[in-house]
There are 2 protein chains.
Amino acid sequence: MERVDVLNERLSKANLKLTKARKAIWETIASAAEPLSIPQIMNRAKKMCPSLGLVTVYRTLAVMEKAGLIKLFQTKDGSMGYVSSVLAAESHHVQCIICKKVVEFECTGMEDTIRAVEEKTGFCIERHNLELFGICPSCMKKSLQK
Amino acid sequence: MERVDVLNERLSKANLKLTKARKAIWETIASAAEPLSIPQIMNRAKKMCPSLGLVTVYRTLAVMEKAGLIKLFQTKDGSMGYVSSVLAAESHHVQCIICKKVVEFECTGMEDTIRAVEEKTGFCIERHNLELFGICPSCMKKSLQK
DNA sequence: CATCTAATTGAAAAAATTTTTCATTTGGAG
DNA sequence: CTCCAAATGAAAAATTTTTTCAATTAGATG
Ligand SMILES: [Mn+2]
Ligand SMILES: [Mn+2]
Ligand SMILES: [Zn+2]
Ligand SMILES: [Zn+2]
């Protein structure tokens with residue numbers, strides 16, 4: 001299924017129209033690997049839809065957020081940005097505390113931890129972010145050479 | 001250790017002063033169970049420090065965020081708010097995706113997951129943040145009643 | 001395809017939020 | 001206590017977000 005079909009499906013369910021502006025904004029967000037700020041979304045989407053106004057960006061983001069198509073997330077630098085809900089799903093990375101390099105990993109074996117938290121807190125856990133911090137192989141090597 | 005000592009420790013390390021305004025804002029955030037918006041922080045902190053100006057709230061939040069004392073989270077209404085990150089030194093929390101309530105938990109059983117990442121990535125892991133997202137008991141109850 | 005209509009749009013204005021500037025005050029070192 | 005860099009509040013400026021409104025458009029209907 002094309003990305004635009006995902007958009008159309010959600011919009012038509014809510015009696016909303018599939019417009020040029022919405023297509024452009026959706027393509028922008030759905031094709032990005034990182035959360036995008038509102039000015040970033042405006043700039044990129046405008047290339048696909050030159051008449052696009054900033055007001056429409058605000059309105060479209062509100063519509064898409066309500067429709068569950070996008071989510072507001074924290075970016076690496078601490079500010080906020082929008083990502084497609086699909087991409088927002090989970091984040092697993094390990095960062096070197098010395099050189100700050102970030103490496104993604106596949107997360108396995110969390111079941112017991114999550115079940116323990118569910119029992120203690122009564123929450124029903126749906127997803128998680130796990131950030132690990134440590135020393136990467138190359139920094140480890142350097143520190144051993146000293 | 002008192003809450004104000006935690007604040008003082010971080011501030012003095014960075015050659016920053018422990019002022020009335022900072023104490024009031026810190027107490028406000030560190031004693032709250034939910035993320036607080038900027039106007040909420042202003043209103044509550046002003047009770048402890050009546051001369052407090054909004055400008056100082058903005059400046060203090062920037063300082064505290066940089067110092068790692070507080071973090072931005074999503075509030076109930078979808079906007080963003082600040083929560084204390086220091087009292088929860090290990091940063092293990094679960095947040096309700098509906099009402100945005102944050103609950104800390106003791107993190108157990110992560111050894112296997114961490115060992116697997118160490119083997120795959122070559123990193124030597126020292127610490128971690130685990131953020132879980134799900135539905136809290138009271139929101140679960142409400143959704144079942146519908 | 002042409003017609004119709006409610007939804008959507010962009011521009012301008014208004015409102016709200018955030019940052020900058022600057023004179024005054026204050027924490028804390030000496 | 002004295003001193004001074006850091007911090008503060010008020011006002012102004014800048015920026016971001018929302019509202020208003022007339023014009024345009026998607027898409028349903030015939
Ligand atoms: Mn990641
Ligand atoms: Mn926490
Ligand atoms: Zn490294
Ligand atoms: Zn809840």
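Here is how names work: the chains are called A, B, and so on, in the same order as the sequence lines, proteins then strands, and each is numbered from 1. Note that the structure is a prediction, hence the values are computed from the model and not measured.
Listed by residue number, B:Ser51, B:Leu52, B:Gly53 are the residues of residues 36-53 of chain B with a heavy-atom contact under 4.0 Å to DNA chain D.
The local environment of NZ in A:Lys20 is sparse, with at most 12 non-hydrogen atoms from other residues, nucleotides or ligands closer than 6.0 Å.
Here D:dT16 presents its C1' atom at 16 Å from CE of A:Met80, a figure rounded to the nearest Å. Atom pair A:Asn8:CG and D:dA26:C1' shows a separation of 11 Å (rounding to whole Å applied). For the pair B:Leu16 CG and D:dC4 P, the interatomic distance rounds to 21 Å; values are reported in whole Å. Taking atom NZ of A:Lys20 as the reference point, atom C1' of D:dT24 lies 10 Å away to the nearest angstrom. Note: NZ (A:Lys17) to C1' (D:dT24) measures 10 Å, nearest angstrom. Here the P atom of nucleotide C:dA29 and the CG atom of B:Leu11 are 13 Å apart, to the nearest Å. When rounded to the nearest whole Å, the span between CD1 of B:Ile25 and P of D:dA7 equals 13 Å. Atom CG of B:Asn15 is separated from atom C1' of C:dG27 by 13 Å (rounded to the nearest Å).
Listed candidates were C:dT9, D:dA10, D:dA26. Nearest to the side chain of B:Arg59 is D:dA10. Residue A:Thr19 places its side chain closer to C:dT9 than to any other of D:dT8, C:dT9, D:dT17. Of the candidates D:dG9, D:dC21, D:dT18, the closest approach to any side-chain atom of A:Tyr58 belongs to D:dT18.
Annotation: side chain of B:Phe133 is in contact with side chain of B:Gln95 (closest heavy-atom distance under 4.5 Å). You'll find the side chain of A:His93 reaches within 4.5 Å of the side chain of A:Glu131, heavy atoms only. The side-chain heavy atoms of A:Phe123 and B:Val103, taken from C-beta on, include a pair separated by under 4.5 Å. Within the 4.5 Å cutoff, side-chain heavy atoms of A:Leu52 are placed close to those of A:Ile25.
Across all strands shown, B:Arg22 has heavy atoms under 4.0 Å from sugar-phosphate atoms exclusively, and none from any base.
The minimum heavy-atom distance linking B:Met64 with B:Arg22 is given by the pair CE-O, 3.4 Å. The shortest non-hydrogen separation linking A:Gly53 to A:Met42 is C-CE, 3.9 Å.
Comparing B:Val55 and B:Thr60 against DNA chain D, the residue whose closest nucleotide sits nearer the 5' end is B:Thr60.
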